[in-house]
Each structure stands twice: as C-alpha cells, then as structure tokens.
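Notes follow once the structure below has been shown.
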Amino acid sequence: MGRPTSHEPLIVVGSGIAGGLLALAAAESGPVVLVTKEALGAGSTARAQGGIAAAVDTGDSVEAHLGDTLAAGAGLCDPDAAARICREGPDQIAALLRRGVAFDRRGGRLRLAREGAHSAARVVHAGGDATGAHIVVALTAALRADPRIQVLEGERALEVVLRDGRVAGLRSAGADGRKRVRGARAVALAAGGMGQLHPRTTNPPGATADGPALAARAGAALADLELTQFHPTALALGDGPLALVSEAVRGEGAVLRDARGRRFMPNEHPMAELGPRDVVARAIARRAAELGGDVTLDLRHLDPGAVRGRFPSVAALCAAHGLDLARDPIPVTPAAHYAIGGVLADMAGRSTVPGLFAVGECAATGAHGANRLASNGLLEAAVLAAGAADALAGDLDDWPEGPAAAPAPPPPSGAGGAVTRAALQSAMWRGVGVERDADGIDAAIRELDALPRGTDPETDNLLLTARLAAAAAGLRAESRGAHFRRDHPLPDPAQARRIAWVGGVPHHLRPVPLARPHRAVAKEAA
Ligand SMILES: Cc1cc2nc3c(=O)[nH]c(=O)nc-3n(C[C@H](O)[C@H](O)[C@H](O)COP(=O)(O)OP(=O)(O)OC[C@H]3O[C@@H](n4cnc5c(N)ncnc54)[C@H](O)[C@@H]3O)c2cc1C
C-alpha cells in the first residue's frame with residue numbers, strides 16, 4: 001500500500017452519534033466507508049436517556065454551562081475544550097434537529113430538563129427518556145440514504161495500518177471472519193467506551209475499549225485512563241448491561257433511601273441527590289456496604305401519572321422486573337458508565353498519529369476534566385464529529401506536532417476469552433472500581449499481568465486498556481473528580497495535570513491552565 005491519496009476514503013469505525021455524524025458530515029468532502037462491528041447504530045448512543053446539554057434557554061448562558069462543566073471537571077478540564085463544547089451546544093442541537101431528531105417540545109419551544117450538577121434546566125431530550133434511540137433512528141436513516149457512504153455492518157476493525165508514520169488504511173474482519181485491508185486517507189475511531197472493563201456496567205457488550213487499544217497499537221497517545229465515571233443509579237436487577245435509571249429521575253424529585261428507608265444524600269452534599277455523580281456513587285456504595293441490602297430510589301411522593309409519562313423507558317424496565325416506578329422503591333447500584341479517558345485528541349479529533357482521528361467517547365479531549373457533567377457526553381461527541389469533518393475537508397498534512405509514536409505490541413492469538421474477561425472485570429472492580437487504594441491497585445495489576453493474552457481481539461483490547469488504567473490509577477495518588485483514592489482522599493494541587501500514555505510510558509501533560517474567570521463563577525463569588 002503506497003502513500004494514501006485524497007481519492008481514498010475516510011474510514012469511520014463505529015456508528016453511534018460520533019461515527020454517524022462524522023460520516024454524514026465528512027461525506028460532503030470525500031468518500032466515506034463506515035465499518036461497524038454490530039448492526040448500524042448499536043452502541044451506547046442508543047441507550048442514552050437523559051439527553052444533550054446545551055444553553056438554549058433564554059434564562060441560561062454558555063458561561064453558566066461552562067461554569068458547571070469546569071466545576072464538575074475538578075481542576076482537570078482543558079478550559080478551551082470545555083468552552084468549545086459549551087459554546088457549540090446550541091448549534092449542535094440545531095444541526096440534530098435538521099438531521100431529523102425530534103426533540104421534545106412544550107408550547108413550541110424545546111422542553112428542557114435539569115440534571116445533576118447543572119445550575120439550570122438545559123438538557124434537551126427526545127421521546128421523554130429515549131433521546132439516544134431517537135438520535136440513532138435519525139442517523140441510521142440518513143446513513144442508509146447517503147450514496148456517498150459505504151456502510152459495512154458486522155465488520156470489526158482490528159488494526160490501524162500505517163505507512164511512513166501516518167495512517168494508510170484499516171485491517172478489519174467481516175461477519176464471515178474474512179480479514180482484509182482497505183486503504184484510507186484517514187481513519188476515524190468512533191468506537192465508543194470501555195464499560196466492559198467492569199462486571200457492573202450500563203454499557204453494551206461491544207464497549208470493549210477497541211478505540212484506545214487500536215490507537216495505542218498504532219503508537220498514539222492515550223490519556224485520562226484513571227478516570228471512569230460510575231453512574232450511581234443503575235437498576236440493580238437482571239443480567240448483562242445494567243439498565244440506567246437516569247439522573248433526570250432524581251432531577252424530577254426522586255430521593256435515595258438506604259436499606260432502613262432513611263434518606264442520606266442531604267448529609268453528603270449540599271445538592272443532595274443532584275450532587276456530582278462520583279459523590280452520589282460513593283455514598284450509595286458505602287451505604288450498601290455498611291448496611292447490606294440495596295439502596296433504593298423513591299418516587300412515591302410524586303404524581304404517578306407524571307412519573308410514568310416523563311420516564312416511559314425506565315417505567316417499562318421496572319415493569320419487566322415486576323416493579324412500578326411510581327409506587328415501588330427501586331433498587332439501584334453504581335456501575336461503570338462513561339470513559340472519560342481514551343485516545344488523546346484535540347477538538348478536531350486529531351490524535352498524535354497523523355491521519356488518525358478519535359471522536360466520541362473513545363476520545364480524551366480534556367473537555368470533561370476529572371468528571372463529566374451529565375449530558376455533556378453526547379454534546380462532546382457531536383462537537384468533535386463536526387470538528388473532525390472540518391479538519392478532514394482541509395489539508396491532512398497539516399497535522400499538529402505530538403510525541404513520537406511508540407506502538408504497543410500486537411496481540412498474539414489463543415483461546416479462553418470468556419474466562420479471561422471475567423477475571424479481568426473482577427480484578428478491575430475490586431482494585432480500580434468506585435474507590436481505590438494503592439494495595440488494591442497493585443493487586444489488580446498483578447492479577448491483570450497473570451492473565452493470558454491472545455484469547456480474542458476484544459478481550460485483548462480490554463487487557464491492554466485495563467493495564468494502563470490500573471497503572472494510571474496508581475500514579476494519580478490523590479482524589480479528584482471520578483477518581484477516588486481511599487489512601488489519598490483529598491485533591492493535591494500539584495497533581496492537577498492530565499496523564500497521557502505513549503507505548504505504555506506515562507507523560508504528564510502540561511499543567512492544566514487555570515480557567516479564566518467567567519461571569520457565572522464571578523457572579524456566584526460576589
Ligand atoms: C445507558 C447509557 C445512558 C447514557 N445517557 C447519556 C445521556 O443521557 N447523555 C449523554 O450525554 N450521554 C449519555 N451516555 C453516554 C453517551 O451515550 C455515550 O458517551 C455516547 O453515546 C458515545 O457515543 P459514541 O458514538 O462515541 O459511541 P457508541 O454510541 O457507543 O458507538 C460505538 C460504535 O462503535 C462500534 N465499534 C466498537 N468497536 C468497533 C470495532 N472494533 N470495529 C467496528 N465497530 C466498532 C460499535 O458497534 C458502535 O457502533 C449514556 C451512556 C449509557 C451507556
């Protein structure tokens with residue numbers, strides 16, 4: 001394969017909000033091949049309930065949204081990246097409306113919900129709590145209708161192919177197992193999250209860290225891997241990916257009660273049930289451990305008709321387990337939910353390897369800092385997809401300088417994936433879960449190192465990423481945002497730096513500049 005030409009396609013890996021939007025936008029400037037390992041639209045996007053945060057209300061402002069984003073990010077946000085997603089929020093909502101996403105309205109205006117750690121009602125949603133499903137339906141129809149986009153379903157990306165230090169193609173395996181290499185002028189990883197690092201997760205089975213693992217093997221830098229956001233309230237019922245009881249339910253007034261029926265969040269945080277996710281998740285985990293028995297979510301004091309009308313998906317999930325969302329206490333547990341870390345990328349999705357983009361949850365831009373504000377995930381994915389499409393329309397030789405590539409070794413091949421994966425998940429949950437400490441992290445690293453490599457590609461991707469995530473958790477000897485160390489329970493200002501990994505070696509990114517004062521914070525302080 002020679003040097004890629006501009007006639008060669010962009011290959012997009014993944015068909016959630018990030019891959020879908022990028023493929024559609026990039027098709028304006030050249031051919032696109034979209035490979036996606038399951039059916040079109042499978043992934044976390046389809047499961048998103050709460051919605052998309054954007055300062056679209058007249059009483060709200062970009063500054064207030066940014067203030068909340070930076071506060072949640074706990075000193076680790078890249079302020080420019082955070083400002084970019086907040087600034088572009090209203091435009092991205094308008095763009096999704098143009099793509100046919102029917103967001104909920106009241107009186108002709110977008111209906112807005114308030115979620116945890118937001119100072120205003122600014123979460124745009126569709127179908128009540130079925131926002132992601134509505135997005136996927138609209139994007140899937142548009143992808144299928146666009147003749148400039150070749151969609152390959154059941155096609156699994158295995159390796160980013162390089163030539164002379166830049167991307168030249170993608171090796172993938174089809175549904176029939178046949179492997180092939182396609183030439184590409186660029187590859188964009190939009191492969192989603194890594195919830196399958198943990199046994200308790202809200203993520204679908206395909207969230208196996210493929211994006212970061214493929215990028216690392218191509219020599220790209222990864223970042224923020226110690227930062228996994230655990231959702232505090234997954235439905236503690238059933239097998240497989242745990243159903244999410246979205247923050248919006250607490251936003252409407254639901255309260256948390258321990259096994260003795262006592263409300264405990266007002267003692268934990270001034271915003272009580274609407275406090276930051278990490279605070280709520282740890283409080284629930286501790287209560288469950290102290291008293292045994294599940295913590296429950298209680299909506300019995302709210303209007304039953306309004307509850308069922310506003311949260312039809314959650315009500316249906318509860319009903320499937322014989323529970324009435326409006327009348328029964330609903331058992332909940334923390335679960336791995338959102339990967340803040342991933343492929344180090346700028347706001348155009350450019351990784352440190354020329355021609356390799358990362359967009360959506362598999363990218364780490366620094367916009368979320370140490371903790372993602374609720375509903376900023378879909379927003380960041382949409383902003384990154386637009387940024388990447390712009391970059392792809394320009395000169396790809398004009399690539400920002402990054403650290404020299406240092407590829408991780410390719411995986412060997414073998415058998416026994418399911419057993420290895422279960423052991424990996426158990427090691428991560430115990431050692432690199434909701435709360436960590438040095439002994440637990442060391443034990444997890446020993447267990448991970450003892451596991452066989454080469455069982456199957458996805459388990460290998462999880463192993464590569466798990467090992468780096470555990471090392472990163474060990475390196476961050478402080479508590480900050482989503483990362484809580486029992487043995488270092490406070491933040492350490494000297495560690496307010498992002499940790500990147502190149503070829504398995506850690507690098508501290510330049511200290512995160514202090515956020516410029518902005519109106520919302522200035523007003524509050526005054
Ligand atoms: C239950 C749940 C609820 C959520 N609710 C919200 C919310 O209300 N608001 C919000 O902002 N965020 C929410 N999030 C987070 C948000 O949904 C995700 O961060 C976002 O949808 C990720 O989009 P994505 O396009 O990056 O990845 P995904 O939507 O996960 O898509 C990844 C795609 O990559 C494909 N893929 C993966 N590996 C490969 C490979 N090797 N080869 C080919 N294809 C591959 C997958 O099949 C899939 O199509 C929620 C997440 C979950 C799990």
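The first residue of the sequence shown is numbered 1, and numbering continues consecutively from there. For the numbers below, each heavy atom of this structure counts, side chains included, while hydrogens, waters and symmetry mates do not. Counting convention: from 1, in listed order, for ligands and their atoms alike. The shown structure was predicted, so the numbers you read here are calculated from the model rather than taken from an experiment.
In this structure, the separation between CZ on R99 and CG on L21 is 6.5 Å, given to the nearest 0.5 Å.
Near ligand 1, V13, G14, S15, G16, I17, A18, V35, T36, K37, E38, A42, G43, S44, T45, R47, A48, Q49, G50, G51, E155, R156, A157, A190, A191, G192, T202, N203, D210, L244, H337, Y338, G360, E361, R372, S375, N376, G377, L378 each place a heavy atom less than 4.0 angstrom from the ligand.
A salt bridge between E153 and R144 is present, with a side-chain N of the basic residue lying under 4.0 Å from a carboxylate O of the acidic one. Residues D210 and R156 are not paired through a salt bridge, judged by the lack of any N-O separation under 4.0 Å between the basic side chain and the carboxylate.
Between N203 and H198, the side chains place no donor N or O within less than 3.5 Å of an acceptor N or O (distance only, hydrogens not considered).
Ring pair Y338/H368 is perpendicular by interplanar angle, where above 60° counts as perpendicular and below 30° as parallel.
Checked against salt bridge (charged side-chain N to carboxylate O under 4.0 Å, His left out), D104 has no partners two or more places apart in sequence or in another chain.
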